[in-house]
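Whatever order the structure lists ligands and atoms in, that order sets their numbers, starting from 1. Heads up: numbering here begins at 1 and tracks the sequence. Note that the structure is predicted; figures quoted are calculated from it, not measured.
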Amino acid sequence: MTDTLTPAAANGGATVADLTLEEKASLTSGASFWTTKAIDRVGIPSIMLTDGPHGVRKQRAGADHLGIGDSVPATCFPPAVALGSSFDPELLERVGVALGQESLAEDVGVLLGPGINIKRSPLCGRNFEYLSEDPIVSGVMGAALVRGLQSQGVGASLKHFAANNQEADRMRVSADIDPRPLREIYLRGFQRVVQDAQPWTVMCSYNRLNGVYTSEDPWLLTTVLRDEWGFEGLVVSDWGAVNERVTGLVAGLDLEMPASGGRTDAQLVDAVRSGDLDESALDLAAQRNLDLVRKVVAGARPDASYDAAAHHALAREVAAASIVLLRNEGGALPLDPGASVAVVGELARTPRYQGAGSSLINPTKLDDALTEIRAIAGDDVPFAAGYALDGTADAALADEAVAAASATGTVLLFLGVPAELESEGFDRDDIELPAPQLELAERVVAANPNTVVVLSNGGVVRLPFADRVSAILEGWLLGQAGGGAVADVLYGRVNPSGRLAESIPNRLEDSPAFLDFPGEHSHVRYGEGLFVGYRWYDARAIDVAFPFGHGLSYTTFGYSDASAEATADGIVVRVSVTNTGDRDGAEVVQVYSALPGSGVVRAPRELKGFAKVFVPAGESRVAEVHVRRDDLAYWDTRADAWVVEGGAYELSIGASSRDLREVVSVEVEGDEVQVPLTMDSSIGELVEHPVAGPIVRQAMGGEGSFMADPAMFKMLASFPIGRLSTFPGSPMGRDDVEQLLQAANAGA
Ligand code: BGC
């Protein structure tokens with residue numbers, strides 16, 4: 001492919017006007033599994049798009065034709081589940097840069113990621129590939145990755161657009177979502193990445209959204225994505241997501257992947273010839289493909305290479321920054337290198353470091369925790385496998401592990417979810433660790449309560465032993481250098497600073513989507529509405545094992561002097577963070593908003609911004625969090641628009657959604673909502689209206705009338721004015737009301 005990626009093609013280049021109808025159609029679908037079509041006649045080269053997202057998965061020539069076979073070695077960075085927990089956009093930008101360098105070295109023009117779908121249910125089989133249950137975290141972190149990648153001249157593909165929150169029936173299921181949760185939870189992160197980072201491509205998802213395939217939804221792909229958000233790039237289908245090619249193209253789908261053998265290109269040509277498809281729609285899609293090719297050609301560097309050792313080191317740094325220290329009783333961690341330890345659990349020796357499916361990277365190198373622990377604490381650190389990864393119970397392995405646990409100072413117990421239970425393509429049945437591991441954990445803790453649990457899992461797991469062990473490291477899936485990162489954190493070479501980007505519930509039954517996940521008969525109703533993740537647990541006052549935003553450090557942080565200042569484009573929150581311990585460390589300051597007395601349904605707390613601040617031991621730093629005005633807005637279903645409700649916003653600043661340290665209040669001026677008054681408008685609504693209000697009050701008798709009696713007013717406030725006007729003796733007749741409505745709607 002590099003031969004054809006010449007700067008001449010990038011600069012000179014053909015235009016749509018140079019192409020025949022057939023050529024235009026052919027440009028809008030793939031040539032193979034991973035490449036687009038070249039048009040040699042006019043010098044348009046082919047480009048390569050490949051997975052993604054946490055490494056470059058470029059298939060070797062001659063590998064299988066399903067797209068999941070052997071791929072060239074590439075750095076396996078931590079998957080999104082870990083990246084999200086770092087709460088560190090700058091770090092993600094650096095990962096993006098490294099991914100860009102590796103893509104260039106492999107002649108890859110577009111890397112298929114990041115995936116930023118919301119983790120609606122802990123059961124989603126692909127949660128390891130997504131960042132968070134919160135749209136602000138997903139959006140901020142997703143934008144950082146895109147920025148880094150594209151700074152290298154390689155395109156991102158923001159996926160899976162949209163509402164692809166489960167794997168069950170993913171190619172057909174309709175995610176049935178009300179407008180507010182759709183906008184405020186499921187689209188908000190996509191909107192942010194598009195507006196902040198302009199990904200070169202957006203990948204539509206497989207599923208339907210409110211009954212319409214996203215690959216052929218003009219509202220989603222054009223009205224929202226382009227007209228409202230200003231997306232300037234190309235929309236590519238998820239691999240095999242196209243249902244009806246012509247319908248898709250008209251809706252705004254520019255590139256079908258992978259190849260369809262020319263079959264659907266012919267459909268486009270026929271549709272233009274028969275007059276069913278306006279040729280200008282095809283021209284537009286072809287133009288967007290040409291634009292993408294030009295960007296890729298301009299970014300290509302045929303002589304590019306990368307420093308695999310440096311990228312491995314970066315992968316280790318990122319992994320360590322993503323580990324979440326969930327619990328640390330009595331300062332059990334960090335360990336002294338000379339401390340007596342025993343390592344228990346097959347996962348310490350055979351790491352689980354990424355999820356299965358299209359994102360499976362062939363790593364350049366693979367570290368395991370056991371070797372890395374021994375490198376610090378000595379080759380004589382005992383090890384017992386304890387269980388087999390295939391989930392079969394093995395009494396001998398367990399007995400041996402319990403014996404090792406009894407004979408040591410600290411047990412480092414590695415537990416996790418085996419690869420075959422978590423993958424793209426299907427969901428999990430539960431959030432349990434395998435039974436043999438849970439049994440082993442009970443026996444090990446009974447034998448030695450000084451047990452430190454290290455977890456490897458792509459989706460959250462239930463932790464029944466949580467309050468009986470001395471420490472827990474949530475290691476998620478940490479990529480190829482995760483073993484070293486775990487050792488770094490265990491021995492205090494790195495002070496943990498990861499925070500939970502998703503809540504860990506006590507039971508699956510407590511989770512928000514429990515009752516209607518994954519739906520039935522190809523429909524899934526998002527019945528929990530806005531109440532996803534911590535929004536649900538907080539609104540229902542449900543205890544969780546570990547709340548959203550939680551994560552400990554080997555030092556402690558104090559918060560003081562919080563302030564908030566309203567600016568033209570939002571609110572600036574400042575708080576002084578003091579490192580009150582004796583180690584340098586980083587704190588993730590989180591800002592949650594509430595609006596007491598709000599006229600719309602809201603979660604008790606909504607994350608509006610965060611900042612990761614490094615604070616040396618004994619010192620203080622001011623953390624500054626910018627809350628965007630846009631992020632204060634709710635989606636108003638009457639006006640079909642974002643609206644900032646006016647009022648005194650309460651901003652809680654803290655170390656997790658349930659560890660709030662400071663509260664500041666700030667008055668925010670609201671947007672005017674233009675909702676036309678009609679005969680169906682209630683008296684309460686009319687009274688609030690700047691024009692109608694005084695007239696209605698006057699007509700209803702002013703002071704002394706029922707308007708002045710609060711109970712009476714409350715009763716009548718919900719009465720539509722049209723109905724009241726027909727009542728005998730009504731102070732306003734039908735004609736009066738009609739005149740009033742006209743005047744009010746005209747603003748006079
Ligand atoms: C996945 C995408 C991936 C594509 C190409 C699809 O099955 O959903 O995330 O980028 O395959 O491998």
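Looking at Arg126 next to ligand 1, an N or O pair under 3.5 Å apart turns up. In terms of polar-atom proximity, Glu424 is counted as a contact of ligand 1, with an N or O under 3.5 Å from an N or O of the ligand. Backbone and side-chain nitrogen or oxygen atoms of Trp239 are examined, and none is located within less than 3.5 angstrom of a nitrogen or oxygen of ligand 1.
Ring pair Trp476/Tyr130: centre-to-centre distance not below 6.0 Å. Ring centroid separation for the pair Tyr526 and Tyr186 comes in under the 6.0 Å cut-off.
Glu528 has no carboxylate O lying under 4.0 Å from a charged side-chain N of Arg535, or vice versa, which leaves the two without a salt bridge. At a threshold of 4.0 Å, the pair Lys24-Asp283 counts as salt-bridged, since one of the basic side-chain nitrogens sits closer than that to a carboxylate oxygen. Checked for salt-bridge contact, Glu90 and Arg147 miss the test: no charged N lies under 4.0 Å from a carboxylate O. Contact check on Arg57 versus Asp70 returns no salt bridge, with no Lys/Arg side-chain nitrogen under 4.0 Å from an Asp/Glu carboxylate oxygen.
Taking every non-hydrogen atom of Trp34 and a distance limit under 4.0 Å, the qualifying atoms of ligand 1 come out as 5 (C), 12 (O). Within ligand 1, counting atoms from 1 as listed, the ones closer than 4.0 Å to a heavy atom of Arg170 are 7 (O), 8 (O). Interface of Leu112 with ligand 1, defined as ligand atoms under 4.0 Å from a residue heavy atom, comprises 10 (O). Taking every non-hydrogen atom of Arg57 and a distance limit under 4.0 Å, the qualifying atoms of ligand 1 come out as 12 (O). Atoms of ligand 1 found under 4.0 Å from any heavy atom of Lys159, numbered from 1 in the order shown, are 2 (C), 3 (C), 9 (O), 10 (O). Of all the atoms in ligand 1, the ones that sit under 4.0 Å from a non-hydrogen atom of Asp238 are 1 (C), 2 (C), 3 (C), 4 (C), 6 (C), 7 (O), 8 (O), 11 (O). For ligand 1 and Met203, the ligand atoms under 4.0 Å from any heavy atom of the residue are 10 (O).
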**OP:** Decide side chain to side chain contact (heavy atoms under 4.5 Å, CB included) for Leu478 and Ile323; before the verdict, give the C-alpha distance in whole Å, the side-chain angles of both, and the deciding distance to 0.1 Å.
**Re:** CA-CA 8 Å; Leu478 289 173; Ile323 291 171; 3.7 Å; yes
